[in-house]
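Structure, as structure tokens:
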Amino acid sequence: MSGRNPAPRRSYGGRSAEERRAERRERLLAAGLELFGTRGYAATSIERLCATASVSTRNFYEEFSGREELLTALHRTINERASQALATGFADAAGADLATRVERAVRAFVTVTASDPRWARIAFVEVIGVSAGLERHRLSWRGQWEDALLAMTRDAVRRGEAVDRDYRLTMIAIIGAINNLVHHWSARDQDIPLDDITAELTRLILAAVTRP
């Protein structure tokens, strides 16, 4: 939800009010990415966000009800991008064997979530323990990730590449492993090659779905 206080509609400097407002929102999102992704959510004030984005406090409240809504918007963005990347990576390798399909999907996911440590921190660290509302948002996304991984395993079962069993608990465990491994990478100044992260996650998923 955004736009608590309607912005004026007059044009200024050749740009409409809507264009200027969209630009301010993008600057606030960029400021949130930078500050939440480096200093952390708890250490970032609305005043600091506004100063970094070069907007007024009034402008901030035209777009977001508070810091939490800005963090939620960023978390939603990275999950939407990662979800699309994973689905595309898996689909593009539809004609390949299971190992290749999983590797392509994992590489796409890791590339989106871990290529920038700020996004990794927002996706896996800063959303934890903020509020009940943000926790519901996070768990909703976790449910969507479970469904996506389960769809991949059902595809493998249909092809005779995976054991036919209930994988829901397995996928919950794998999601936890993914979160912790990418967080580990981001917290260690990215001294582990992303290729190694991709390879390890691929091995983990393959081992989980091809053994009874």
Side-chain angles (χ1 to χ4, degrees), residues 33 37 71-129 133-188 190-212:
L33 172 61
L71 178 61
T72 301
L74 289 165
H75 184 263
R76 181 184 303 110
T77 294
I78 187 60
N79 274 274
E80 287 174 346
R81 290 176 181 173
S83 178
Q84 182 59 54
L86 182 139
T88 300
F90 193 73
D92 286 350
D97 60 17
L98 178 61
T100 300
R101 298 200 310 278
V102 171
E103 193 276 340
R104 296 280 180 82
V106 169
R107 181 174 297 279
F109 174 86
V110 169
T111 298
V112 171
T113 58
S115 58
D116 185 332
R118 298 174 303 173
W119 280 119
R121 182 168 176 174
I122 286 170
F124 305 118
V125 180
E126 294 303 320
V127 293
I128 304 295
L134 191 50
E135 183 66 4
R136 286 191 296 271
H137 168 86
R138 186 181 72 84
L139 291 177
S140 174
W141 267 106
R142 191 176 72 179
Q144 292 183 56
W145 284 113
E146 289 172 25
D147 291 343
L149 292 175
L150 286 169
M152 291 169 61
T153 60
R154 286 193 296 270
D155 178 65
V157 169
R158 283 194 299 269
R159 298 182 188 218
E161 300 168 315
V163 178
D164 187 3
R165 64 177 180 83
D166 184 354
Y167 283 98
R168 186 162 293 277
L169 291 179
T170 304
M171 293 305 111
I172 292 172
I174 285 175
I175 289 169
I178 291 170
N179 291 355
N180 280 308
L181 189 53
V182 176
H183 174 222
H184 177 77
W185 169 85
S186 65
R188 289 171 56 88
Q190 308 89 56
D191 62 348
I192 305 170
L194 284 181
D195 283 348
D196 291 357
I197 300 293
T198 298
E200 193 62 37
L201 290 173
T202 300
R203 281 192 290 268
L204 178 64
I205 293 170
L206 290 173
V209 302
T210 58
R211 298 177 182 175

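A salt bridge is defined here as a Lys NZ or Arg NE, NH1 or NH2 lying under 4.0 Å from an Asp or Glu carboxylate O, and Arg168 with Asp166 fails to meet this definition.
The main-chain N or O of Glu126 is never found under 3.5 Å from a side-chain atom of Arg121 such that the two would form a donor-acceptor pair. Between the side chain of Ser140 and the main chain of Arg136, no donor-acceptor pair closer than 3.5 Å is present. Panel note: side chain Ser83, backbone Glu80; no donor-acceptor pair is recorded below 3.5 Å.
Rounding to the nearest 0.5 angstrom, the gap separating the CG atom in Leu98 from the CD1 atom in Ile205 is 9.5 Å. Remark: Thr113 OG1 to Asn179 CG distance equals 9.0 Å, nearest 0.5 Å. Here the CG-CG distance, from Leu33 to Leu74, works out to 6.5 Å after rounding to the nearest 0.5 Å. Taking NE2 of His75 as the start and CG of Leu134 as the end, the distance is 7.0 Å to the nearest 0.5 Å. Atom CD1 of Ile128 sits about 3.5 Å away from atom CZ of Arg138, to the nearest 0.5 Å. Put simply, CD on Glu200 and CG on Leu204 are 7.5 Å apart, with the number rounded to the nearest 0.5 Å.
Residues Val157 and Arg165 form no side-chain contact, since every pair of their non-hydrogen atoms from C-beta on lies 4.5 Å or further apart. Proximity of Leu71 to Val127: side-chain heavy atoms (C-beta onward) are separated by under 4.5 Å at one or more points. Contact check for Met171 versus Val209: side-chain heavy atoms found under the 4.5 Å cut-off. Residues Arg142 and Ile175 form a side-chain contact, since some pair of their non-hydrogen atoms from C-beta on lies under 4.5 Å apart.
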* **Chi angles and distances behind the side chain to side chain contact (heavy atoms under 4.5 Å, CB included) call for Met152, Leu149** => CA-CA 5 Å; Met152 291 169 61; Leu149 292 175; 4.0 Å; yes
* Go through Leu201 and Phe109 one step at a time and tell me if the side chain to side chain contact (heavy atoms under 4.5 Å, CB included) criterion holds. => CA-CA 11 Å; Leu201 290 173; Phe109 174 86; 5.6 Å; no
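Of all heavy-atom pairs between Trp119 and Ile78, the closest is CE3-CB, 3.5 Å. In plain terms, the two heavy atoms of Thr202 and Ala99 that are nearest each other are CG2-O, 4.2 Å. Closest approach of Ala85 and Ala108 over heavy atoms only: O-CB, 3.2 Å. Residues Asp155 and Arg101 approach most closely at OD2-NH2, 3.3 Å, considering heavy atoms.
Ring planes of Trp141 and Trp145: tilted class, angle from 30 to 60°.
Of the N and O atoms on the side chains of Asp195 and Thr198, not one donor lies less than 3.5 Å from an acceptor on the other residue.
Heavy-atom contacts from other residues, nucleotides or ligands closer than 6.0 Å to CZ of Arg211 number 12 or fewer. The number of heavy atoms from other shown groups lying within 6.0 Å of CG (Leu139) is above 12.
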